[in-house]
Amino acid sequence: DAGVIQSPRHEVTEMGQEVTLRCKPISGHDYLFWYRQTMMRGLELLIYFNNNVPIDDSGMPEDRFSAKMPNASFSTLKIQPSEPRDSAVYFCASSRGTLNTGELFFGEGSRLTVL
Amino acid sequence: GDSVTQMEGPVTLSEEAFLTINCTYTATGYPSLFWYVQYPGEGLQLLLKATKADDKGSNKGFEATYRKETTSFHLEKGSVQVSDSAVYFCALRYNTDKLIFGTGTRLQVFP
(Lines give C-alpha, C1' and ligand atoms only; values in the text may rest on other atoms or scores of the structure.)
Protein backbone atom coordinates (compact mmCIF):
# COMPACT_ATOMS: atom_id res chain seq x y z
CA ASP A 1 0.00 0.00 0.00
CA ALA A 2 1.16 3.52 -0.70
CA GLY A 3 2.04 5.60 2.30
CA VAL A 4 1.21 9.23 2.90
CA ILE A 5 2.15 11.19 -0.20
CA GLN A 6 3.21 14.81 -0.02
CA SER A 7 4.07 17.29 -2.74
CA PRO A 8 6.16 19.13 -3.54
CA ARG A 9 9.18 17.62 -1.76
CA HIS A 10 11.04 20.89 -2.05
CA GLU A 11 9.79 24.40 -2.66
CA VAL A 12 11.81 27.57 -2.91
CA THR A 13 9.85 30.78 -3.21
CA GLU A 14 10.19 34.48 -2.60
CA MET A 15 8.65 36.38 0.25
CA GLY A 16 5.08 37.41 -0.50
CA GLN A 17 4.31 34.51 -2.81
CA GLU A 18 1.54 32.02 -2.19
CA VAL A 19 2.60 28.48 -1.29
CA THR A 20 0.37 25.42 -1.47
CA LEU A 21 1.45 22.10 0.02
CA ARG A 22 -0.48 18.94 -0.78
CA CYS A 23 -1.12 15.69 0.99
CA LYS A 24 -2.76 12.40 0.13
CA PRO A 25 -3.38 10.31 3.26
CA ILE A 26 -3.40 6.55 3.40
CA SER A 27 -6.65 5.16 2.07
CA GLY A 28 -9.08 4.34 4.88
CA HIS A 29 -7.47 6.67 7.40
CA ASP A 30 -9.93 9.12 8.90
CA TYR A 31 -7.50 11.42 10.73
CA LEU A 32 -5.11 13.80 9.02
CA PHE A 33 -2.54 16.00 10.74
CA TRP A 34 -0.29 18.81 9.52
CA TYR A 35 2.97 19.37 11.42
CA ARG A 36 5.78 21.88 10.97
CA GLN A 37 9.36 21.06 11.90
CA THR A 38 12.09 23.63 12.53
CA MET A 39 15.38 23.51 14.38
CA MET A 40 14.26 26.16 16.82
CA ARG A 41 10.76 24.93 17.65
CA GLY A 42 10.93 21.23 16.90
CA LEU A 43 7.78 19.50 15.70
CA GLU A 44 4.61 21.58 16.02
CA LEU A 45 1.06 20.44 15.31
CA LEU A 46 -0.63 23.01 13.11
CA ILE A 47 -4.07 21.51 12.51
CA TYR A 48 -5.84 18.18 12.34
CA PHE A 49 -8.94 16.83 10.64
CA ASN A 50 -11.29 13.98 11.42
CA ASN A 51 -13.49 12.74 8.58
CA ASN A 52 -12.48 15.83 6.56
CA VAL A 53 -13.64 18.23 9.31
CA PRO A 54 -11.07 20.48 11.02
CA ILE A 55 -11.07 19.61 14.72
CA ASP A 56 -8.29 21.72 16.17
CA ASP A 57 -6.49 24.53 14.38
CA SER A 58 -5.05 26.16 17.48
CA GLY A 59 -1.52 25.52 16.20
CA MET A 60 -1.95 27.51 13.01
CA PRO A 61 0.44 30.40 13.50
CA GLU A 62 -1.64 33.17 11.97
CA ASP A 63 -4.21 34.08 9.35
CA ARG A 64 -1.68 33.67 6.58
CA PHE A 65 -2.01 29.91 7.07
CA SER A 66 -5.06 27.96 5.98
CA ALA A 67 -5.78 24.26 5.51
CA LYS A 68 -8.53 22.40 3.75
CA MET A 69 -9.61 18.82 3.29
CA PRO A 70 -12.22 18.73 0.52
CA ASN A 71 -12.40 14.94 0.53
CA ALA A 72 -11.00 11.90 2.29
CA SER A 73 -8.04 11.57 -0.05
CA PHE A 74 -6.69 15.09 -0.30
CA SER A 75 -5.65 18.00 1.88
CA THR A 76 -3.86 21.28 1.29
CA LEU A 77 -1.94 23.67 3.49
CA LYS A 78 -1.71 27.16 2.05
CA ILE A 79 0.48 30.07 3.12
CA GLN A 80 -0.40 33.46 1.68
CA PRO A 81 1.64 35.61 1.72
CA SER A 82 4.73 33.60 2.65
CA GLU A 83 7.50 35.00 4.85
CA PRO A 84 11.11 33.86 5.47
CA ARG A 85 10.16 32.67 8.98
CA ASP A 86 7.81 30.13 7.39
CA SER A 87 10.84 28.21 6.12
CA ALA A 88 10.53 24.72 7.58
CA VAL A 89 9.73 21.12 6.76
CA TYR A 90 5.99 20.55 6.70
CA PHE A 91 4.77 17.03 7.41
CA CYS A 92 1.42 15.49 6.78
CA ALA A 93 0.42 12.41 8.77
CA SER A 94 -2.64 10.19 8.89
CA SER A 95 -4.10 7.55 11.16
CA ARG A 96 -7.07 5.23 11.38
CA GLY A 97 -9.45 5.77 14.28
CA THR A 98 -8.28 7.53 17.37
CA LEU A 99 -4.68 7.50 18.48
CA ASN A 100 -5.11 4.67 20.97
CA THR A 101 -2.34 2.80 19.21
CA GLY A 102 -0.33 5.98 18.77
CA GLU A 103 0.60 5.13 15.24
CA LEU A 104 0.71 8.15 13.03
CA PHE A 105 1.93 7.50 9.50
CA PHE A 106 4.03 10.38 8.23
CA GLY A 107 4.79 11.51 4.72
CA GLU A 108 8.33 12.38 3.71
CA GLY A 109 7.70 16.08 4.19
CA SER A 110 7.76 19.22 2.08
CA ARG A 111 10.83 21.38 2.64
CA LEU A 112 9.87 25.02 2.18
CA THR A 113 12.42 27.80 1.77
CA VAL A 114 11.15 31.37 1.62
CA LEU A 115 13.78 33.86 0.47
CA GLY B 1 -0.28 21.66 29.97
CA ASP B 2 0.97 18.24 28.95
CA SER B 3 4.56 18.22 27.73
CA VAL B 4 7.56 16.05 26.98
CA THR B 5 11.19 16.87 27.76
CA GLN B 6 14.05 15.08 26.04
CA MET B 7 17.78 15.27 26.56
CA GLU B 8 19.52 17.55 24.13
CA GLY B 9 21.70 16.04 21.49
CA PRO B 10 23.57 15.17 19.60
CA VAL B 11 24.41 11.90 21.24
CA THR B 12 27.59 10.55 19.68
CA LEU B 13 28.52 6.89 20.16
CA SER B 14 30.77 4.26 18.73
CA GLU B 15 29.23 1.18 17.18
CA GLU B 16 28.20 -1.46 19.77
CA ALA B 17 28.02 1.10 22.58
CA PHE B 18 25.09 1.24 24.99
CA LEU B 19 22.49 3.90 24.30
CA THR B 20 20.23 5.83 26.66
CA ILE B 21 18.10 8.76 25.58
CA ASN B 22 16.23 10.34 28.46
CA CYS B 23 12.60 11.38 28.25
CA THR B 24 10.39 12.74 31.01
CA TYR B 25 6.83 13.91 30.76
CA THR B 26 4.29 16.13 32.45
CA ALA B 27 0.64 15.16 32.22
CA THR B 28 -2.49 15.61 34.27
CA GLY B 29 -3.34 11.90 34.11
CA TYR B 30 -1.74 8.72 32.83
CA PRO B 31 -0.81 9.20 29.20
CA SER B 32 0.23 6.73 26.56
CA LEU B 33 3.91 7.14 25.68
CA PHE B 34 5.73 6.64 22.40
CA TRP B 35 9.10 6.78 20.72
CA TYR B 36 9.27 7.79 17.10
CA VAL B 37 12.36 7.71 14.88
CA GLN B 38 13.20 9.95 11.91
CA TYR B 39 15.88 8.73 9.53
CA PRO B 40 17.59 11.32 7.31
CA GLY B 41 15.30 12.70 4.64
CA GLU B 42 12.28 10.76 5.86
CA GLY B 43 9.18 11.29 7.93
CA LEU B 44 8.76 10.00 11.46
CA GLN B 45 7.81 6.40 12.13
CA LEU B 46 6.66 4.70 15.29
CA LEU B 47 9.45 2.79 17.06
CA LEU B 48 7.71 1.56 20.20
CA LYS B 49 4.98 2.44 22.66
CA ALA B 50 3.64 1.79 26.17
CA THR B 51 0.11 2.53 27.23
CA LYS B 52 0.18 2.02 31.01
CA ALA B 53 2.55 2.15 33.96
CA ASP B 54 5.28 -0.52 34.08
CA ASP B 55 4.66 -1.51 30.47
CA LYS B 56 7.80 -2.08 28.43
CA GLY B 57 7.77 -1.26 24.75
CA SER B 58 10.36 -2.90 22.51
CA ASN B 59 11.28 -3.04 18.85
CA LYS B 60 14.46 -3.55 16.79
CA GLY B 61 16.52 -4.00 19.96
CA PHE B 62 15.27 -0.76 21.48
CA GLU B 63 13.37 -0.76 24.79
CA ALA B 64 11.62 1.76 26.99
CA THR B 65 9.75 1.25 30.27
CA TYR B 66 6.86 3.45 31.40
CA ARG B 67 7.86 4.65 34.89
CA LYS B 68 5.02 6.43 36.64
CA GLU B 69 7.05 7.16 39.79
CA THR B 70 9.65 9.13 37.87
CA THR B 71 7.37 10.19 34.98
CA SER B 72 9.96 8.86 32.58
CA PHE B 73 10.17 6.77 29.42
CA HIS B 74 13.88 6.48 28.65
CA LEU B 75 14.93 4.80 25.42
CA GLU B 76 17.70 2.19 25.61
CA LYS B 77 19.58 -0.13 23.30
CA GLY B 78 22.34 -2.48 24.33
CA SER B 79 24.47 -2.25 21.18
CA VAL B 80 23.92 0.49 18.63
CA GLN B 81 24.73 0.24 14.95
CA VAL B 82 25.66 2.89 12.41
CA SER B 83 22.22 2.35 10.87
CA ASP B 84 20.60 3.57 14.10
CA SER B 85 21.82 7.09 13.38
CA ALA B 86 18.65 9.17 13.30
CA VAL B 87 16.60 11.64 15.32
CA TYR B 88 14.51 10.12 18.10
CA PHE B 89 11.32 11.73 19.38
CA CYS B 90 9.54 10.98 22.61
CA ALA B 91 5.79 11.68 22.54
CA LEU B 92 2.71 11.39 24.69
CA ARG B 93 -0.99 11.24 24.20
CA TYR B 94 -3.56 11.81 26.92
CA ASN B 95 -7.29 12.25 26.53
CA THR B 96 -6.89 13.75 23.09
CA ASP B 97 -6.36 12.82 19.48
CA LYS B 98 -3.13 14.82 19.43
CA LEU B 99 0.36 13.51 19.92
CA ILE B 100 2.64 15.89 21.81
CA PHE B 101 6.26 15.48 20.72
CA GLY B 102 9.51 16.34 22.42
CA THR B 103 12.13 18.35 20.59
CA GLY B 104 13.99 15.29 19.35
CA THR B 105 17.46 13.89 20.10
CA ARG B 106 19.92 13.31 17.30
CA LEU B 107 21.94 10.10 17.57
CA GLN B 108 25.17 9.73 15.61
CA VAL B 109 26.86 6.33 15.61
CA PHE B 110 30.37 6.00 14.20
CA PRO B 111 32.06 2.76 13.11
Side-chain angles (χ1 to χ4, degrees), chain A residues 2-10 21 23-26 29-60 88-111, chain B residues 1-10 21 23 25 27 29-52 55-60 62 64 66 73 75 86-106:
Chain A
V4 175
I5 299 172
Q6 292 187 244
S7 64
R9 290 293 312 275
H10 301 275
L21 308 178
C23 175
K24 177 179 168 55
I26 293 173
H29 284 191
D30 53 352
Y31 281 82
L32 184 140
F33 302 79
W34 281 101
Y35 283 88
R36 176 172 69 176
Q37 185 179 37
T38 61
M39 289 292 291
M40 293 298 293
R41 303 167 78 102
L43 202 60
E44 304 172 277
L45 176 64
L46 300 178
I47 184 171
Y48 78 95
F49 297 82
N50 177 222
N51 290 323
N52 313 337
V53 176
I55 303 300
D56 185 344
D57 65 355
S58 59
M60 296 285 262
V89 181
Y90 291 81
F91 287 102
C92 177
S94 70
S95 70
R96 188 202 314 267
T98 65
L99 285 180
N100 284 329
T101 64
E103 184 139 27
L104 280 183
F105 293 83
F106 281 78
E108 294 185 321
S110 294
R111 181 176 295 276
Chain B
D2 298 344
S3 65
V4 173
T5 302
Q6 289 183 237
M7 61 188 291
E8 286 200 22
I21 300 178
C23 171
Y25 67 88
Y30 300 112
S32 296
L33 301 171
F34 312 92
W35 278 100
Y36 274 74
V37 58
Q38 183 181 27
Y39 297 104
E42 299 183 11
L44 283 71
Q45 54 187 277
L46 180 65
L47 180 60
L48 53 85
K49 68 179 190 286
T51 57
K52 60 182 187 296
D55 268 1
K56 177 185 283 188
S58 61
N59 186 25
K60 299 181 181 180
F62 290 89
Y66 188 143
F73 192 55
L75 182 68
V87 181
Y88 292 83
F89 292 86
C90 187
L92 70 80
R93 172 186 170 267
Y94 174 67
N95 203 31
T96 176
D97 289 324
K98 299 190 289 189
L99 273 181
I100 297 171
F101 286 92
T103 52
T105 302
R106 181 176 299 277

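Computed from heavy atoms alone, side chains included, the values below leave out hydrogens, waters and symmetry copies. The shown structure was predicted, so the numbers you read here are calculated from the model rather than taken from an experiment.
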- prompt: B:L44, B:L33, B:I100: which one forms the most heavy-atom pairs within less than 4.5 Å of chain A?
  reply: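 Highest number of heavy-atom pairs under 4.5 Å: B:L44.
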statement: Okay, A:N50 and chain B: the region with an atom under 4.5 Å from a heavy atom over there is neither
- prompt: Relative to chain B, which segment of A:R111 carries a heavy atom at a distance below 4.5 Å: side chain, backbone, both, or neither?
  reply: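 Neither part.
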field: Within-4.5 Å side-chain heavy-atom neighbours: A:L21 and A:Q6
entry: no
- prompt: Does A:Y35 have any ring pair (Phe, Tyr, Trp, His ring centres under 6.0 Å) partners at least two apart in sequence or in another chain, and if so, which?
  reply: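 A:Y35 satisfies ring pair (Phe, Tyr, Trp, His ring centres under 6.0 Å) with A:F106, B:F101 only.
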message: Once salt bridge (charged side-chain N to carboxylate O under 4.0 Å, His left out) is applied, do any residues pair with A:E44, and if so which ones, sequence neighbours excluded?
response: A:R36, A:R41
- request: Drop me the distance from A:S94's OG to A:E103's CD, to the nearest 0.5 angstrom.
  value: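 So the gap between those two atoms works out to 10.0 Å.
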